[in-house]
Number of protein chains: 2
Amino acid sequence: MAKMLRGATAQETHSAILDLIRSSGTVTRVDLAERSGLTGASISRVVKRLLADGLIIETGYGDPTGGKRATLLQFNPRARHAVGISVDTPSTTYVVTDMSGRVIEQVSSRGIGKDAPATAVRRITAELEDLMVKAEIEPSTLVGVGVALAGRQGRGGTRLLRTDSEKYAWEPFAVRDTLKAAIDHPIVVENDSTCAAIGEFWAGKIPSVNDFATVYMAAGFGLGLVTNGDVYRGSSSNVGEIGHMVLDVNGPMCWCGGQGCLESLAAPAAVVARAGKDEALADKLGLRGRRLSVRSDFAKIARLAAAGDPRCVELLEESATYLAKALLSITNLLDLEQIILAGPGFSEAGDIYVRVAATELNRLSFVRAMHPTRVELSKLGPSAAALGAASLVLHSQLTPHQNSRA
Amino acid sequence: MAKMLRGATAQETHSAILDLIRSSGTVTRVDLAERSGLTGASISRVVKRLLADGLIIETGYGDPTGGKRATLLQFNPRARHAVGISVDTPSTTYVVTDMSGRVIEQVSSRGIGKDAPATAVRRITAELEDLMVKAEIEPSTLVGVGVALAGRQGRGGTRLLRTDSEKYAWEPFAVRDTLKAAIDHPIVVENDSTCAAIGEFWAGKIPSVNDFATVYMAAGFGLGLVTNGDVYRGSSSNVGEIGHMVLDVNGPMCWCGGQGCLESLAAPAAVVARAGKDEALADKLGLRGRRLSVRSDFAKIARLAAAGDPRCVELLEESATYLAKALLSITNLLDLEQIILAGPGFSEAGDIYVRVAATELNRLSFVRAMHPTRVELSKLGPSAAALGAASLVLHSQLTPHQNSRA
DNA sequence: GCACTTTAGTACACAACGTAAGGAAGTGGC
DNA sequence: GCCACTTCCTTACGTTGTGTACTAAAGTGC
């Protein structure tokens with residue numbers, strides 16, 4: 001057991017106040033005192049320091065209320081920067097953000113495909129350095145680098161789940177140490193769904209909800225959890241493997257060895273497979289006689305559904321119904337107030353998933369009598385994971401908890 | 001937002017150190033300094049205070065190690081007491097414990113049955129006062145009273161789920177305020193599965209696992225979560241409603257409105273119903289032509305199964321398999337290290353459930369490559385919830401977090 | 001213009017922890 | 001038996017961060 005006790009250090013108080021300023025937009029010192037529970041005197045001291053560090057700025061005076069007008073304080077997003085990288089099979093996305101989570105620069109390159117881990121990491125390192133130069137980021141203003149990937153934390157470090165249409169393999173993937181050696185900044189590695197969750201919390205400005213989940217759909221499903229405003233990691237940082245929740249004990253076999261898993265019933269591959277069995281639809285989509293990427297076929301179906309094609313809508317509603325059942329179970333289990341749908345899988349026809357899930361939750365959730373459970377699409381778009389990875393870094397810098405092995 | 005910042009107050013530090021002493025059995029001041037991260041000087045101060053309060057005692061000297069021998073410190077469990085009450089339809093259980101969670105006095109009375117809430121609470125209050133006198137508890141040594149019940153926290157306070165064989169009803173049940181008026185001590189109300197979880201953590205001495213769940217089976221299923229050594233409550237203290245997890249999307253209708261819920265497939269009522277359809281078994285159990293308590297019939301089946309009756313074993317294995325699927329989903333979702341089965345439902349043939357669940361988790365869980373997920377029966381017996389309610393009070397007293405609205 | 005309000009900052013007290021130093025109790029060498 | 005050394009524990013004092021009380025600054029309204 002390392003250090004287990006520590007008073008509210010300057011560091012913690014400073015970041016807590018900074019976080020208050022950030023999330024409030026524009027505030028006065030008096031507001032801060034009220035909301036933080038600290039006295040005006042303490043706020044004065046902390047604010048003085050934050051101003052000196054350039055992390056906040058004074059931006060004028062508030063409306064008169066019968067006395068001296070208050071000085072308005074604002075977060076200064078451009079004082080520091082963060083980088084987020086989403087590593088996935090079809091593509092790698094790099095994002096540079098300021099401290100408000102706003103994207104300053106964004107670059108995509110080809111995914112890691114079938115590259116050996118060492119090769120892939122080397123390329124990522126090089127591309128990251130190029131990006132830093134291109135975005136003209138003063139190295140001293142870089143808070144850290146976050147990496148989102150479809151992987152898990154194992155005993156021997158990070159392991160990546162590589163999906164190759166039909167094949168699934170876990171591979172060791174030492175991103176952290178390699179990047180650490182190349183650039184002298186904190187590196188945080190986290191799985192993509194967790195990144196999406198924290199990104200939503202941070203950049204998506206979830207309105208005052210502290211317990212929510214983000215469902216991330218790419219090749220499969222993942223769930224990221226934010227509880228009490230902090231990432232929930234579980235006993236070994238492998239939270240959120242919902243792809244293999246059992247939804248039909250007598251259902252079809254899944255590659256994981258189970259039966260009736262969410263993934264085998266509702267993931268893009270399942271939808272595409274069903275489409276392939278429908279001759280008319282398969283012709284329409286050009287599926288016959290070839291083997292293309294599941295993800296692009298799924299995107300095609302989703303686009304047709306969004307355009308109103310009844311058969312495609314039906315296919316997605318089927319997938320959405322399975323997902324809704326899983327979300328119902330999860331909501332009952334964790335008493336969630338809000339669920340966000342994020343990731344490339346929802347980018348074309350996420351509305352269908354939102355509608356089906358919201359209906360199901362309002363009809364059957366156990367907590368619906370106490371509070372509603374909202375279901376919404378992510379506003380971050382397909383780069384939610386990369387943006388989330390950057391947010392994770394911001395989060396560790398701007399919130400008082402020490403929440404990452406950085 | 002109330003107070004959000006505060007340094008490690010004396011209160012917090014004292015309880016953290018006290019908790020260290022309790023969980024260590026016998027320690028020296030030097031041990032405490034090492035494990036807490038505090039310096040010897042600070043430990044001296046805190047220990048002096050704990051000794052003065054009678055919460056710990058000096059019990060001799062350690063082995064010589066080439067210098068002055070260390071003074072051994074021990075937790076003094078009898079310095080304070082806690083009361084736990086489990087409120088359920090068939091019976092009410094009262095437990096008085098010392099601070100180590102050891103039961104000093106235990107009393108059962110008839111359950112609340114069909115009593116009106118006000119009547120039931122009045123009786124509970126009276127019985128509690130009798131118990132206090134009988135157990136000869138000095139009021140000043142009582143830390144507080146914990147209440148476990150199959151209910152939820154609603155907008156209007158606690159609500160109780162009353163099961164009457166076939167009928168289910170939510171009733172307002174103002175335990176807290178009524179008890180508060182009768183005795184001048186902190187009252188903590190929590191649902192039975194959460195109580196069982198924290199009781200297991202506290203009195204069951206879970207060996208150094210901080211993330212685990214307790215499944216509580218009575219009339220239905222509930223799940224209590226302990227994460228980072230603290231109770232996880234979710235957004236409105238209604239965590240753990242696993243009874244209506246969807247396990248079979250095409251399964252039988254459930255009273256909740258859903259289909260294929262865990263409860264309708266695996267709860268005691270489902271097992272008894274299946275037994276009733278087996279003519280030979282129904283005769284053997286004396287089920288025919290009468291309508292008795294589901295719980296006592298289930299207990300009878302479980303006893304026969306424990307004795308080896310093949311048909312009864314089969315019935316319980318079926319129920320256990322459904323539960324195992326639910327636990328598999330939950331383990332994948334939350335990355336659990338340990339699952340404890342507790343409550344009256346497991347008291348006769350819990351072994352069968354343990355065996356089936358452990359097999360399933362080791363075969364299919366996603367985290368099994370990283371760490372095993374152990375499944376064990378509670379060592380607390382059928383009064384797990386009551387003991388847990390008492391533990392909840394101890395927990396709030398002995399751990400540095402303020403974790404209950406007491 | 002003067003009383004009052006509200007904001008912001010200063011001076012000092014208090015609480016909790018760390019550092020440094022020393023006393024207390026024991027071991028082992030000569 | 002004396003002395004050097006080790007380990008445990010306490011006391012005295014410094015540091016840090018917060019609260020309280022007071023004051024200065026800036027504005028409003030009769």
Side-chain angles (χ1 to χ4, degrees), chain A residues 1-18 20-21 24 26-53 56-74 400, chain B residues 1-21 24 26-53 56-74 400 402:
Chain A
M1 197 183 314
K3 247 180 155 59
M4 63 169 271
L5 282 176
R6 236 172 50 247
T9 62
Q11 176 72 309
E12 282 173 350
T13 307
H14 284 24
S15 39
I17 297 300
L18 182 56
L20 261 181
I21 298 172
S24 309
T26 303
V27 278
T28 67
R29 288 175 177 76
V30 176
D31 289 341
L32 290 175
E34 224 165 86
R35 295 215 246 170
S36 68
L38 294 182
T39 58
S42 300
I43 292 295
S44 247
R45 180 173 36 80
V46 173
V47 164
K48 187 189 284 180
R49 175 63 179 278
L50 293 175
L51 282 169
D53 288 351
I56 60 174
I57 42 179
E58 296 187 329
T59 58
Y61 298 94
D63 295 333
T65 56
K68 177 185 173 182
R69 293 197 295 168
T71 318
L72 298 181
L73 301 171
Q74 271 194 356
Chain B
M1 198 185 313
K3 244 180 161 56
M4 63 169 271
L5 282 178
R6 236 172 48 247
T9 63
Q11 176 74 308
E12 282 172 348
T13 307
H14 284 24
S15 39
I17 297 301
L18 183 55
D19 193 41
L20 262 182
I21 298 172
S24 308
T26 304
V27 278
T28 67
R29 287 174 175 79
V30 176
D31 290 341
L32 291 175
E34 223 164 87
R35 296 216 245 170
S36 68
L38 295 181
T39 58
S42 303
I43 293 294
S44 245
R45 180 173 38 79
V46 173
V47 164
K48 187 189 284 181
R49 176 59 180 278
L50 292 175
L51 281 168
D53 288 352
I56 59 174
I57 41 179
E58 297 187 329
T59 57
Y61 298 94
D63 294 333
T65 56
K68 178 184 172 182
R69 293 195 295 167
T71 317
L72 299 180
L73 301 171
Q74 271 194 356
Q402 108 261 36

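Labels below follow one simple rule: chain letters A, B, ... track the order of the sequence lines, proteins then strands, and each chain is numbered from 1. Note: hydrogens, waters and symmetry copies are ignored here, and every other heavy atom, side chains too, is used.
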Separation of [N] [atom2] from [X] [atom1] (nearest whole Å):
X     : N      : atom1 : atom2 : value
B:Y61 : C:dT27 : OH    : C1'   : 17 Å
A:K48 : C:dT7  : NZ    : C1'   : 15 Å
B:I43 : D:dT11 : CD1   : C1'   : 17 Å
A:R45 : C:dA8  : CZ    : C1'   : 14 Å
A:D31 : C:dA8  : CG    : P     : 10 Å
A:D63 : C:dT6  : CG    : P     : 15 Å
A:L51 : C:dA8  : CG    : C1'   : 12 Å
B:L38 : D:dT15 : CG    : P     : 20 Å

For a side-chain contact (heavy atoms from CB on, under 4.5 Å) check, start with the C-alpha distance between A:L38 and A:I17, then their side-chain angles and the critical distance, and finish with the verdict. CA-CA 10 Å; A:L38 294 182; A:I17 297 300; 4.1 Å; yes
Before you tell me yes or no, could you show the steps for A:L73 and A:L50 under side-chain contact (heavy atoms from CB on, under 4.5 Å), namely the whole-Å CA-CA distance, both residues' side-chain angles and the distance that decides it to 0.1 Å? CA-CA 10 Å; A:L73 301 171; A:L50 293 175; over 6 Å; no
Using side-chain contact (heavy atoms from CB on, under 4.5 Å), reason through A:V27 and A:L20 one step at a time and then give a plain yes or no. CA-CA 9 Å; A:V27 278; A:L20 261 181; over 6 Å; no
Taking it one step at a time, do B:D31 and B:S24 satisfy side-chain contact (heavy atoms from CB on, under 4.5 Å)? CA-CA 10 Å; B:D31 290 341; B:S24 308; over 6 Å; no
[X] vs [N]: side-chain N/O to OP1/OP2 distance below 4.0 Å:
X     : N      : answer
B:T71 : D:dC8  : no
B:S44 : D:dC9  : no
A:T13 : D:dT18 : yes
B:T39 : C:dC17 : no
A:R29 : C:dG9  : yes

Interatomic distance, B:T13 atom OG1 to B:R49 atom CZ [nearest 0.5 angstrom]: 11.5 Å
Does B:A70 reach a base, just sugar-phosphate, or nothing at all? Heavy atoms under 4.0 Å. sugar-phosphate
Reckon B:G40 touches a base, only the sugar-phosphate, or nothing at all at heavy-atom distances under 4.0 Å? base
Just by protein heavy atoms under 4.0 Å, how would nucleotides 1-7 of chain D read 5' to 3' in B, S and -? -----BB
Can you confirm whether more than 12 heavy atoms, excluding those of A:R29, are under 6.0 Å from its CZ atom? yes
Residue list, side chain to side chain contact (heavy atoms under 4.5 Å, CB included) with A:L72, at least two apart or on another chain: A:T26, A:T28, A:T59
